[in-house]
Every structure is written in structure tokens, then in C-alpha cells.
Student: 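Structure incoming, see below.
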Amino acid sequence: MGGSGDIDRNIFRFVIRFSVKETALVCLLVAAAQAFYYVTLDLPKNIMNQGIQGQGIQFPKEVLGWFSVDQIGYLLWLCLLFFLAVLVNGAVKQYINSLKGKLGERLLRRLRYSLVERILRFPIPHFRKVSSGELIPMVTSEVEQIGGFMGDAFVQPLMQAGMLLTIALFLFMQNPVMGFAAISLFPFQAYIVPMLQKGVKRLARNAFARWAKCPDCSAKPSAASTKCAPTAPRRGNAPITPNASARSSASASISISANRW
């Protein structure tokens, strides 16, 4: 972490800060993979129109300038090309997934080192109130999902957008009317989907905040759905035990960290 131990408030800045070269390499591979994906879309059309029906082509057909084939031979040649294109496309995607996994694990390890360094900054009396059983899950299991997200932070959106643009280009190349019909709903989806996602994130953040404020639910997560009321009511005048207070403090710190991320 360069000895600073600072954590960016934005996870995308964290990814760019510590893995800009690796992320750029994976993004370039994703862009190159779209060419093979377009070939896998175009070859089945040629197999049906030219290889089977023989439309717009004269036989015998010269292949690669080396030899001539009849309709059956040309059909087999197109099928071989399609098979090779599918293999290459799958191999490139597998390699991209491997790079994403390595990138996510490296960033997750760096994040854990930074969290441990920040934990060691607390004064010694603080560790008398918070046990190691509460700190270890914060550094291990609770940030595990962040590692997978950091690997996909830039690669997955680029891959999905590239596939979408490749399919749209293929449709426009075949029939412009069909292409316009396919993309006609994109503006509506681009408007309504982010609104729904914001609502889901807001509800999840509120539910997590209620869980963090409830000592019983922080001790037993399975009881969160039954004991936590929407307004988190007080439990009479019952005293709060030291262990419950420590659990509540740790859960509140987790909630603050989650809101920052």
C-alpha cells in the first residue's frame, strides 16, 4: 500500500490506483474478443445461405486460392471455420476470466493488508472491548465479495457493452430496419433500470443499518428479520451488556465503512 495505508472512498479509484496496467490489458483483450464473437454470428448465416442453399455463390468455389471445392466441400469448410471460431472465442473468454480472477485476488489481498494496518492504529484499550472473533471476519469473509467485484469493475461492463454493440452491428449489417427495432427500447431501459437499482441499493443500505444498530441481530444474524423492526424500537429499560455494546460498536463501524465504499 505504499506505506500509507489509505483506502480510497471509491472502489473504482482503488482499482485504477493499484492495477491500471492489468486492467488496461484485460480491457484490450475484451475488445479484441469482439471480432471473434462477430465471426461466430456471421458464419451460421453463411452456412445456411451459401453452404446449404447455395445463394449468391457459384460452384466449384475456390478456397484460399489453393483448391476448389463443390457445395458439400464448401459446407464442410464453413463448418470447420465456425468450429475454430467458437474454440478461439471460448479460449479468449476463459483467459479473460482467469486474468479477472487473478486481478481480483491481488486487489483483495492489498485491501486486506490495508484493513489490518488501519486496525493496528487503534489504541490498545480498544482491543480489550472488541474481541478477535469480531475483527477477523471483518478482514476475511466480509470483504470476500469485494474482491470479485474489483475484478469485474471495469472488465464485465466493457464485455457486456461490447457484446451488445457487436450484436447491434450485426443486425444493422443484415437489415437496418431490424437493427432499429432491436435498439428502440434501449433508451427506455437506460432510464428505468438505474432508477430501480437505486431503490434496491437504498433498501439494502437501510436494512444493513438497522441490522448494525441491533445488538441481538449482530450476535445472531438469523434473527435480524424477526427482531429488527423498521424503526429499531428500544427494548424497555433493559441494561446493555458489555459484549452487546462491543458488538454494536463493531457493527456500526462496519456500517460506516460500507457507506464509504
Side-chain angles (χ1 to χ4, degrees), residues 1-47 77-119 136-171 186 189-190 193-194 197 200-201 204 254 257-258 260-261:
M1 298 298 296
S4 62
D6 295 331
I7 302 179
D8 294 278
R9 293 178 178 270
N10 190 297
I11 193 169
F12 296 99
R13 286 200 300 265
F14 182 84
V15 174
I16 294 176
R17 180 182 177 187
F18 296 107
S19 64
V20 59
K21 295 182 179 180
E22 294 82 357
T23 303
L25 175 61
V26 179
C27 291
L28 289 177
L29 290 176
V30 170
Q34 305 310 315
F36 297 101
Y37 184 64
Y38 183 87
V39 173
T40 59
L41 295 175
D42 188 64
L43 278 176
K45 180 201 68 172
N46 294 331
I47 290 174
W77 169 252
L78 291 178
C79 292
L80 177 62
L81 290 180
F82 179 69
F83 178 70
L84 293 177
V86 170
L87 289 181
V88 173
N89 188 36
V92 172
K93 287 185 178 181
Q94 179 64 30
Y95 186 64
I96 291 173
N97 290 332
S98 300
L99 290 181
K100 286 194 308 181
K102 293 179 182 179
L103 176 62
E105 290 297 328
R106 288 181 63 252
L107 291 173
L108 180 60
R109 180 184 60 183
R110 185 178 293 274
L111 177 62
R112 284 171 172 166
Y113 286 160
S114 180
L115 290 176
V116 171
E117 184 177 355
R118 293 178 71 88
I119 288 175
I136 292 176
M138 293 171 57
V139 182
T140 57
S141 60
E142 293 184 4
V143 298
E144 185 70 26
Q145 301 298 326
I146 300 179
F149 177 77
M150 288 188 294
D152 292 334
F154 293 95
V155 179
Q156 191 67 19
L158 181 61
M159 180 178 294
Q160 298 295 333
M163 293 178 62
L164 181 62
L165 293 177
T166 303
I167 294 174
L169 177 63
F170 175 76
L171 291 176
F186 286 177
Q189 293 176 354
V193 171
Q197 290 179 343
V200 172
K201 290 180 181 179
I254 299 173
S257 301
R260 288 182 177 179
W261 282 101

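In this text the structure is predicted, and so the values were computed from the model without any measurement.
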Student: Does the side chain of Glu144 reach to within under 4.5 Å of the side chain of Arg112, using non-hydrogen atoms?
Tutor: yes
Student: Kindly compute the distance separating CZ (Phe18) from CG (Leu107), expressed to the nearest 0.5 Å.
Tutor: 9.0 Å
Student: Is there a donor-acceptor pair under 3.5 Å between the side chain of Asn97 and the backbone N or O of Lys93?
Tutor: yes
Student: Distance from Leu103 atom CG to Ser19 atom OG, nearest 0.5 Å?
Tutor: 4.5 Å
Student: When rounded to the nearest 0.5 angstrom, what is the spacing between CD1 in Ile96 and CD in Gln156?
Tutor: 10.0 Å
Student: Calculate, to the nearest 0.5 Å, the distance between atoms CG and OG1 belonging to Leu28 and Thr23 respectively.
Tutor: 11.0 Å
Student: Looking only at heavy atoms, which two atoms of Asp42 and Phe170 are closest? And how far apart?
Tutor: CA-CE1, 3.7 Å
Student: Once rounded to the nearest 0.5 Å, what's the spacing between atom CD of Gln160 and atom CG of Leu165?
Tutor: 11.5 Å
Student: Please round to the nearest 0.5 Å and tell me the distance separating atom CG of Leu108 and atom CD1 of Ile146.
Tutor: 8.0 Å
Student: Without swapping roles, check the side chain of Ser114 against the backbone of Arg110 for a donor-acceptor pair under 3.5 Å.
Tutor: no
Student: Taking atom CZ of Phe186 as the centre, report whether more than 12 heavy atoms of other residues, nucleotides or ligands fall under 6.0 Å from it.
Tutor: yes
Student: Determine whether more than 12 heavy atoms belonging to other residues, nucleotides or ligands lie under 6.0 Å from atom CZ of Phe36.
Tutor: no
Student: Please report the shortest heavy-atom distance between Asn46 and Leu78, naming the atom on each side.
Tutor: O-CD1, 3.6 Å
Student: Flag yes if more than 12 heavy atoms outside Gln145 fall under 6.0 Å of its CD atom; otherwise flag no.
Tutor: no
Student: For a quick test of reading the model, state the closest non-hydrogen atom pair linking Phe82 to Pro44 and the distance between them.
Tutor: CE1-CG, 3.5 Å
Student: Under 4.0 Å between a side-chain nitrogen and a carboxylate oxygen: does that hold for Lys100 and Glu22?
Tutor: no
Student: Okay, side chain of Thr40, backbone of Tyr37: is any donor-acceptor separation there less than 3.5 Å?
Tutor: yes
Student: Does Lys45 have more than 12 heavy atoms from other residues, nucleotides or ligands lying within 6.0 Å of its NZ?
Tutor: yes
